[in-house]
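The structure appears below as structure tokens.
Bear in mind the structure is a predicted one, so any value in this text is a computation, not a measurement.
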Amino acid sequence: QVQLVESGGGLVQVGGSLTLSCAASGRALETYALGWFRQVPGKEREFVAVISGGGSRTGYTDSVEGRFSISRDNGKDTVYLQMNDLKTEDTAVYYCATKRWTYLHTLPPAYSLPSEYIDWGRGTQVTVSS
């Protein structure tokens with residue numbers, strides 16, 4: 001089991017930037033793909049981005065492609081989500097999650113499905129105001 005703690009959320013104006021962090025504790029973090037998801041009240045949890053265990057492969061949902069960037073530092077057991085050009089529709093609670101996947105340089109199948117992920121953090125609120 002991996003414990004995850006998100007941080008870095010806050011209030012930002014449209015067009016602004018934020019960097020979220022996800023600190024993980026547990027062994028062999030590189031054997032997990034890590035994903036970011038977000039959720040607004042009354043809606044289902046939505047996939048945002050994913051990164052492979054070795055950090056060389058990433059995937060994004062279309063609405064954030066070109067604006068968000070996911071990265072990881074396995075030496076620090078941390079995954080980041082750099083968010084630029086934020087829009088009001090990016091307002092949500094952001095969660096990081098783990099998916100066991102030992103192929104370090106590929107993305108796992110079905111990586112956009114929340115049900116594929118095992119461990120979840122408690123989330124960090126991002127609010128984008130106009």
Side-chain angles (χ1 to χ4, degrees):
Q1 186 177 6
V2 178
Q3 287 77 44
L4 303 169
V5 179
E6 303 93 338
S7 62
L11 175 64
V12 64
Q13 291 188 327
V14 168
S17 298
L18 280 175
T19 300
L20 305 183
S21 299
C22 173
S25 61
R27 290 178 281 182
L29 188 65
E30 64 273 12
T31 61
Y32 293 87
L34 279 148
W36 283 99
F37 292 77
R38 63 189 181 187
Q39 190 170 23
V40 298
K43 291 191 175 182
E44 293 186 354
R45 195 161 292 188
E46 174 192 26
F47 166 76
V48 177
V50 64
I51 190 165
S52 61
S56 59
R57 293 289 184 267
T58 58
Y60 300 91
T61 191
D62 288 347
S63 63
V64 308
E65 184 82 51
R67 299 189 298 122
F68 289 12
S69 177
I70 188 171
S71 61
R72 67 191 291 164
D73 185 339
N74 287 339
K76 296 182 178 180
D77 292 335
T78 303
V79 177
Y80 305 95
L81 185 67
Q82 173 68 44
M83 306 186 294
N84 299 323
D85 189 23
L86 283 161
K87 305 177 180 181
T88 55
E89 51 263 42
D90 295 318
T91 295
V93 177
Y94 283 71
Y95 300 88
C96 61
T98 64
K99 178 176 171 59
R100 182 78 172 172
W101 185 248
T102 57
Y103 301 95
L104 304 188
H105 302 295
T106 65
L107 293 176
Y111 60 73
S112 66
L113 298 179
S115 59
E116 291 290 314
Y117 290 75
I118 302 171
D119 304 299
W120 292 83
R122 293 189 174 185
T124 185
Q125 176 70 47
V126 171
T127 303
V128 185
S129 68
S130 57

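- Alongside Trp101, the hydrophobic cluster contains Tyr103 (criterion: ILVMFWY side chains under 4.5 Å).
- A side-chain hydrogen bond (donor to acceptor under 3.5 Å, both in side chains) check over residues 74-85, counting only residues at least two apart or in different chains, returns the pairs Ser17-Asn84, Thr19-Gln82, Arg72-Asn74, Gln82-Asn84.
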Criterion side-chain contact (heavy atoms from CB on, under 4.5 Å) on Thr31 and Arg100, from CA distance to verdict: CA-CA 6 Å; Thr31 61; Arg100 182 78 172 172; 2.7 Å; yes

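- Clustering of Ile, Leu, Val, Met, Phe, Trp and Tyr side chains at separations under 4.5 Å places Tyr117 together with Phe37, Phe47, Val50, Val93, Tyr95, Leu107, Tyr111, Trp120.
- Under the 4.5 angstrom side-chain criterion for Ile, Leu, Val, Met, Phe, Trp and Tyr, the cluster partners of Phe68 are Val2, Leu4, Val12, Val14, Leu18, Leu20, Leu29, Tyr32, Leu34, Trp36, Val48, Ile51, Tyr60, Val64, Ile70, Val79, Leu81, Met83, Leu86, Tyr94, Val126, Val128.
- Annotation: the span from Leu11 atom CG to Gln125 atom CD amounts to 9.5 Å, rounded to 0.5 Å.
- By the 6.0 Å contact criterion, CD on Gln13 is open, its count of non-hydrogen atoms from other residues, nucleotides or ligands being 12 or less.
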Stepwise side-chain contact (heavy atoms from CB on, under 4.5 Å) test for Thr61 and Ser112: CA-CA 8 Å; Thr61 191; Ser112 66; over 6 Å; no

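- Atoms CD and OG1, from Gln3 and Thr98 in turn, are 10.0 Å apart once rounded to the nearest 0.5 Å.
- Not a single donor-acceptor pair under 3.5 Å links the side chain of Gln39 to the backbone N or O of Ala92.
- Listed by first and then second residue, the disulfide bond (SG atoms under 2.5 Å apart) pairs involving residues 16-97 are Cys22-Cys96 (not counting sequence neighbours).
- Between the OG atom in Ser130 and the NZ atom in Lys87 there is a gap of 14.0 Å [rounded to 0.5 Å].
- Pairs of residues two or more places apart, or lying in two chains, that qualify as side-chain hydrogen bond (donor to acceptor under 3.5 Å, both in side chains) and include a residue from residues 48-59 are Ser56-His105.
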